[in-house]
Amino acid sequence: MEIYKEFTFEAAHRLPNVEEGHKCARLHGHSYRVEVHVEGRIDPHTGWVMDFADITSAFAPVRSELDHHLLNDIEGLANPTSEHLSMWIWQRLENALPLAAIVVKETPTSGSIYRGR
Ligand SMILES: Nc1nc2c(c(=O)[nH]1)N=C([C@H](O)[C@H](O)COP(=O)(O)OP(=O)(O)OP(=O)(O)O)CN2
Ligand SMILES: [Zn+2]
């Protein structure tokens, strides 16, 4: 069974490796949405895989690192594409949660999904 919790944060970024004149070379911001998906068996007593609150607790320090920051300034995010960000979040959480996927939505219509590979 897979469950997930969705979080939001606000951040600015620019993409340093896009071609000259690309809109994303300019500093701009997003209201990011992140889904943290975890997998496991349903506990027969509680009826859940994990308390959603435990996902919230694990993500809280990661959210603090990202929220209202310039992503390019964060170690490991010098080129903060959606792809790099979903991998970066996975690496931050993989020891704390039985991850199945990290979904990063940069805009309502674009994003990335990282499943550990
Ligand atoms: N594969 C990727 N492509 C793009 C990324 C990315 O991280 N990975 N990032 C961007 C920009 O950050 C941009 O802010 C988001 O892109 P886009 O979907 O083009 O944004 P728009 O809202 O302007 O798109 P619409 O055409 O209005 O839907 C670009 N590409
Ligand atoms: Zn962007």
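Atoms within a ligand are numbered from 1 in the order they appear, just like the ligands themselves.
Of the possible polar contacts, none joining the Arg26 side chain to the Arg14 backbone as a donor-acceptor pair under 3.5 Å is found. Between the side chain of His22 and the main chain of Glu20, no donor-acceptor pair closer than 3.5 Å is present. The main-chain N or O of Ile113 is never found under 3.5 Å from a side-chain atom of Ser86 such that the two would form a donor-acceptor pair.
Aromatic ring orientation, His28 versus His13: perpendicular (interplanar angle above 60°, classes split at 30° and 60°).
At a cut-off of 3.5 Å, with distance as the only test, no side-chain donor of Glu39 or His37 sits close to an acceptor on the other residue.
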Less than 3.5 Å apart, N/O on ligand 1 and N/O on the protein: could you list those pairs with the distances?
{"from": "ligand 1", "atom 1": "1 (N)", "to": "Glu83", "atom 2": "OE2", "distance (Å)": "2.7"}
{"from": "ligand 1", "atom 1": "7 (O)", "to": "Ser82", "atom 2": "N", "distance (Å)": "2.7"}
{"from": "ligand 1", "atom 1": "7 (O)", "to": "Glu106", "atom 2": "OE2", "distance (Å)": "3.3"}
{"from": "ligand 1", "atom 1": "8 (N)", "to": "Glu83", "atom 2": "OE1", "distance (Å)": "2.8"}
{"from": "ligand 1", "atom 1": "9 (N)", "to": "Glu106", "atom 2": "OE1", "distance (Å)": "3.3"}
{"from": "ligand 1", "atom 1": "12 (O)", "to": "His13", "atom 2": "NE2", "distance (Å)": "3.2"}
{"from": "ligand 1", "atom 1": "12 (O)", "to": "Glu106", "atom 2": "OE1", "distance (Å)": "2.7"}
{"from": "ligand 1", "atom 1": "14 (O)", "to": "His28", "atom 2": "NE2", "distance (Å)": "3.1"}
{"from": "ligand 1", "atom 1": "14 (O)", "to": "His30", "atom 2": "NE2", "distance (Å)": "2.8"}
{"from": "ligand 1", "atom 1": "18 (O)", "to": "Ser110", "atom 2": "OG", "distance (Å)": "3.0"}
{"from": "ligand 1", "atom 1": "19 (O)", "to": "Lys23", "atom 2": "NZ", "distance (Å)": "3.2"}
{"from": "ligand 1", "atom 1": "23 (O)", "to": "Lys23", "atom 2": "NZ", "distance (Å)": "2.6"}

side-chain contact (heavy atoms from CB on, under 4.5 Å) between Val62 and Leu66: does it pass, once the steps are laid out?
-> CA-CA 7 Å; Val62 181; Leu66 298 168; 4.2 Å; yes
Assess whether side-chain contact (heavy atoms from CB on, under 4.5 Å) is satisfied between Val103 and Tyr4, documenting all intermediate values.
-> CA-CA 10 Å; Val103 180; Tyr4 72 94; over 6 Å; no
Decide yes or no on side chain to side chain donor-acceptor pair (under 3.5 Å) for Ser31 and Glu10, but give the supporting numbers first.
-> CA-CA 5 Å; Ser31 297; Glu10 313 294 325; 2.6 Å; yes
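Using a 4.0 Å cut-off between charged nitrogen and carboxylate oxygen, Glu106 and Arg33 do not count as a salt-bridge pair.
Nearby protein atoms of type N, O or S around the Zn ion (ligand 2) amount to 3 (distance under 2.8 Å).
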